[in-house]
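Working notes, structure below.
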Amino acid sequence: MSLVSVQNVSKSYWRDSFEIPVLNNISFEISEGEFLGLMGPSGSGKTTLLNLIAGIDRPTEGAITVAGTDVTRLNESELAKWRARHVGFVFQFYNLIPVLTAFENVELPLLLSNLSKKERREHVEFALNVVGLEDRMHHYPKQLSGGQEQRVAIARAIVTDPTLLVADEPTGDLDKISAEEILKLLERLNTEFKKTIIMVTHDPRAAEKAHKLRHLDKGELS
Amino acid sequence: MAIPLTYTWRNLWTRRITTILTLVGIALVVFVFAAVLMLAYGVEKTLVDTGSDDNVIAIRRAAHAELMSQIGREAANVIETQPEVALSSDGKPLVTKEVYVVINLLKRETNDLSNVSVRGISPTAMQLRKQVQLTNGRMFQFGTREIIVASNITERFQGCEIGKQLRFGDDQWTIVGHFDGQGSGFDSEIWGDVDQLMPAFGRPVYSSVTFRLRNLDDFDAVKSRVQEDPRTQHVELKRERQFYKEQSQLMADFIRILGIIVTIIFSIGAMIGAMITMYAAVANRTIEVGTLRSLGFRRRSVLTAFLIESILLSIIGGAMGVALASFMSFVQISTVNFGTFSELAFGFKMSPQIVVQSMIFAIVMGIAGGFLPSVRAARLNIVNALRAT
C-alpha cells in the first residue's frame with residue numbers, strides 16, 4: 001500500500017534572475033513500512049526531495065501525498081501541524097537544542113500534542129529506552145558522544161510515533177562504529193516498529209540497510 | 001504550544017557575557033530613569049510633607065509663594081477670628097501669622113553665598129507643625145532676637161552652631177536651638193519671632209497666615225466666607241498640603257521633563273544594544289530555529305520565544321536598575337527652589353509607582369529592542385535555516 005506518492009514534482013530555486021532547476025518532473029511512490037534509500041551525487045536534489053516530502057519546502061510543480069494528505073495544498077499553519085503529527089526528522093548534524101537536556105530535546109515535539117506532563121514523560125522515557133539512552137536523559141548534548149547525540153535525535157524523531165521518518169545523511173558525521181549503531185537502530189525501527197523511513201545517504205553501508213534504493217542525478221530519478 | 005521558557009532562560013545563561021553586557025546597559029538607563037523620577041518625587045514629597053491636611057494657609061491672591069505674598073494685620077485678624085479655626089487647650093486660636101524672608105549665608109563646602117529662608121512665626125506655630133522637633137538647645141524666646149535653625153542648614157552653612165550669632169535685618173540674631181523638620185521643607189529654614197523679624201526687615205505686613213481647622217470638612221465654608229468679606233477679598237485660602245504641592249510642581253516638572261528627555265536619548269542606545277544582542281542571538285541560533293520549525297513549532301512560537309528572551313533581559317536589567325537607584329535614597333542634595341528662590345534640601349525618594357514606571361520603561365525597551373530580531377527569527381525559511389553554518 002502506497003504511503004507516499006510523489007507526482008510530477010519539479011523544484012526550482014531562483015538566484016537573482018536565474019532559475020536553477022533542482023528536481024525535474026519526479027514521480028514515485030513509497031509503500032508503508034518501506035525503508036527507502038535516496039542516493040546520488042552532491043547537488044543532485046536528494047535533500048530537496050526529502051524536504052518536499054517532509055513538508056518543510058514546497059514544490060514548484062506537482063503534488064505530494066502522504067497518508068492521503070496532499071501536503072502541497074496545506075497552508076503554512078496546517079503544514080506545521082501536519083509535520084508535528086506525521087514526520088520525524090533525523091539530521092546529519094543531529095540538530096539537538098544545546099541548552100536542553102536529552103529528555104527535554106526528546107520532549108520538544110510532544111509539547112505540540114495534547115498529552116499531559118505524565119504522558120509526555122512516559123513517551124520520552126520509552127523513546128529513550130528504544131535508543132538505549134534512558135540513563136543519559138539528564139545529560140546535555142555536549143555531554144554526549146556524536147553517536148549518542150544522533151540516538152537522542154532519533155528518539156526525538158520517533159517520540160510522537162510519526163507516520164514517516166526522514167533521515168538526511170544520518171551517519172554523515174559519525175565514525176564507523178557509531179554509524180553502524182545508528183543504522184542498526186534505524187533498521188530496528190523499520191522492522192520492529194514498522195516505521196516507514198526515507199534516508200538520504202552517500203554512505204554505501206547505509207544504503208545496504210535500505211529495502212529499496214533510488215538514485216537521483218541532476219534532478220532526475222533513476 | 002509555546003517553546004519552553006527553559007529554552008529561553010538557558011540561552012540567556014549560555015551567552016553570559018553578552019547577556020551581562022546588555023543587562024548592564026539596560027540597568028544603567030533604568031537607573032537614570034528611576035533616579036530622575038525619584039528626584040522629582042523627592043522634591044514633591046519634601047514640600048508636600050511640609051503641609052498638613054488639617055491646616056489652611058492664607059496668602060495674597062495671585063501670589064504663587066509666601067515670598068511674594070502680603071497680608072495686612074486687619075485681614076490676618078479677620079482670618080484668626082473665623083469660627084472654623086480650631087482652639088488650643090488654653091482656648092487660643094491655633095493660628096500662626098508669619099513673615100517669610102530670604103537672607104544670604106556662606107556655604108560650608110564652597111564658601112559661596114546662598115539664599116536661606118527665614119520664617120517669623122507666632123507662638124502657636126509649633127502646635128501647628130507637629131513634624132518640627134527641637135533636636136538641640138532650646139526654643140527661642142518670643143520678644144527677643146533669638147532664632148532656631150534647622151539641623152540641615154547647620155550642616156550646610158557656616159556659623160549656624162548654637163550660641164553663635166547671625167547678622168541679618170541690620171541686627172545680630174543668637175542661635176539658641178536646632179530643629180528637625182522630618183524631611184519637610186522646614187528643614188531648610190531658620191525660625192524666629194514674627195514680631196521681631198517684621199520690623200527688622202521693615203515689613204509692615206505678614207507673608208501668610210496658617211490656621212488649623214476645627215473640622216476637616218470646614219474648609220469650603222471658611223474659604224467662601226473669607227472670599228466674600230471685603231476685608232479679606234485679596235486673600236486666598238488653600239489647604240496647606242495642596243499649597244506646598246503647588247510649590248513643588250514647577251521644580252518637579254522641570255526635573256521630570258528634563259530627566260525623561262535625557263533618559264529617552266540614553267534608552268535609544270540601550271535599545272540598540274538589546275537589538276544587537278538579539279540579532280546576534282538569532283544569527284547564532286538559526287539552525288535551532290530551523291529545527292524547531294521543522295518539528296512543527298509555528299512562526300509565532302519562535303517570535304514569542306525570542307521576544308520573551310528580550311523581555312526577560314529587560315526585566316532583569318530593569319530590576320537591577322531599580323535596585324541600584326534605590327541606593328540613591330541615602331543621598332541628600334540641595335538646590336534653589338524656583339518658588340522661594342532659597343535653598344531647599346531634599347532627597348531621592350523611591351515609591352511603588354516609580355518601581356512600576358521604571359519596570360514598564362524597561363519592558364518597553366526590551367520589546368522595542370527585541371521585536372525586529374524576533375520577527376527576523378520567525379520569518380526564517382526552514383530550509384535555509386537548516387542549511388546555515
Side-chain angles (χ1 to χ4, degrees), chain A residues 11 13 22 47-52 54-59 74-101 103-115 117 120 140-142 153 156-157 159-160 162 166 168-169, chain B residues 1-20 277-278 280-306 308-310 312-313 316 375-389:
Chain A
K11 176 73 182 175
Y13 290 112
V22 182
T47 299
T48 301
L49 182 56
L50 194 74
N51 290 343
L52 293 174
I56 58 172
D57 204 355
R58 290 178 185 278
L74 300 178
N75 65 30
E76 196 172 283
S77 179
E78 291 167 339
L79 205 52
K81 201 172 172 185
W82 177 83
R83 281 197 303 272
R85 175 65 196 92
H86 293 283
V87 186
F89 288 88
V90 180
F91 301 98
Q92 180 178 358
F93 298 107
Y94 336 125
N95 290 21
L96 297 177
I97 306 296
V99 296
L100 300 181
T101 62
F103 182 95
E104 289 162 339
N105 265 287
V106 177
E107 191 187 20
L108 265 180
L110 293 177
L111 297 176
L112 297 162
S113 70
N114 294 323
L115 295 178
K117 194 172 179 182
R120 290 204 303 266
Y140 286 93
K142 67 181 176 192
R156 181 178 65 186
V159 75
T160 55
V166 294
D168 190 2
E169 304 273 12
Chain B
M1 183 89 173
I3 294 168
L5 201 60
T6 44
Y7 171 74
T8 303
W9 181 249
R10 287 183 200 157
N11 267 309
L12 283 175
W13 182 243
T14 303
R15 295 176 288 117
R16 280 190 283 283
I17 302 294
T18 47
T19 297
I20 289 167
T277 303
M278 291 311 296
V282 173
N284 288 336
R285 279 145 54 195
T286 302
I287 295 174
E288 287 176 34
V289 172
T291 306
L292 290 167
R293 297 266 289 112
S294 66
L295 294 179
F297 286 95
R298 298 179 192 189
R299 287 187 195 275
R300 67 165 177 263
S301 300
V302 173
L303 185 134
T304 308
F306 277 89
I308 286 175
E309 194 166 322
S310 179
L312 211 54
L313 264 177
I316 300 168
V375 168
R376 184 188 168 131
R379 289 172 66 89
L380 282 172
N381 174 282
I382 302 176
V383 173
N384 291 342
L386 288 171
R387 281 182 184 155
T389 52

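Note that the structure is predicted; figures quoted are calculated from it, not measured. In the text below, chain A, chain B and the rest are named by the order of the sequence lines, each starting its count at 1.
The shortest distance between side-chain heavy atoms of F297(B) and L108(A) falls below 4.5 Å. I97(A) places none of its side-chain heavy atoms less than 4.5 Å from the side chain of R10(B). Side-chain contact between I56(A) and L386(B) is present, with at least one heavy-atom pair separated by less than 4.5 Å.
Using a 4.5 Å cut-off between heavy atoms, T14(B) contacts chain A through its side chain alone, with no backbone atom that close. With a 4.5 Å cut-off on non-hydrogen atoms, N51(A) touches chain B through its side chain but not through its backbone. With a 4.5 Å cut-off on non-hydrogen atoms, R156(A) touches chain B through its side chain but not through its backbone. For Y94(A), no part lies near chain B; criterion is any non-hydrogen pair under 4.5 Å. In this structure, no portion of R285(B) lies under 4.5 Å from any heavy atom of chain A. Using a 4.5 Å cut-off between heavy atoms, F93(A) does not touch chain B at all. Contact of I382(B) with chain A is made through the side chain alone, with heavy-atom distances under 4.5 Å.
With values rounded to the nearest 0.5 angstrom, L110(A) atom CG is found 10.5 Å from L295(B) atom CG. Distance CZ/R298(B) to CD/E76(A): 10.0 Å, rounded to 0.5 Å. With rounding to the nearest 0.5 Å, the separation of CG in D57(A) from CG in N381(B) is 6.5 Å.
Side-chain atoms of R83(A) come within 3.5 Å of backbone N or O of R293(B) as a donor-acceptor pair.
For the pair F89(A) and S294(B), the tightest heavy-atom approach, listed with the atom from each and the gap, is CE1-O, 3.1 Å. Closest of all the heavy-atom pairs between G296(B) and A84(A) is CA-CB, 4.1 Å.
Dense packing is recorded around CG of N75(A), with more than 12 heavy atoms of other residues, nucleotides or ligands lying under 6.0 Å away.
By number of non-hydrogen pairs under 4.5 angstrom with chain B, the leading residue of E107(A), R85(A), E104(A), K81(A) is E104(A).
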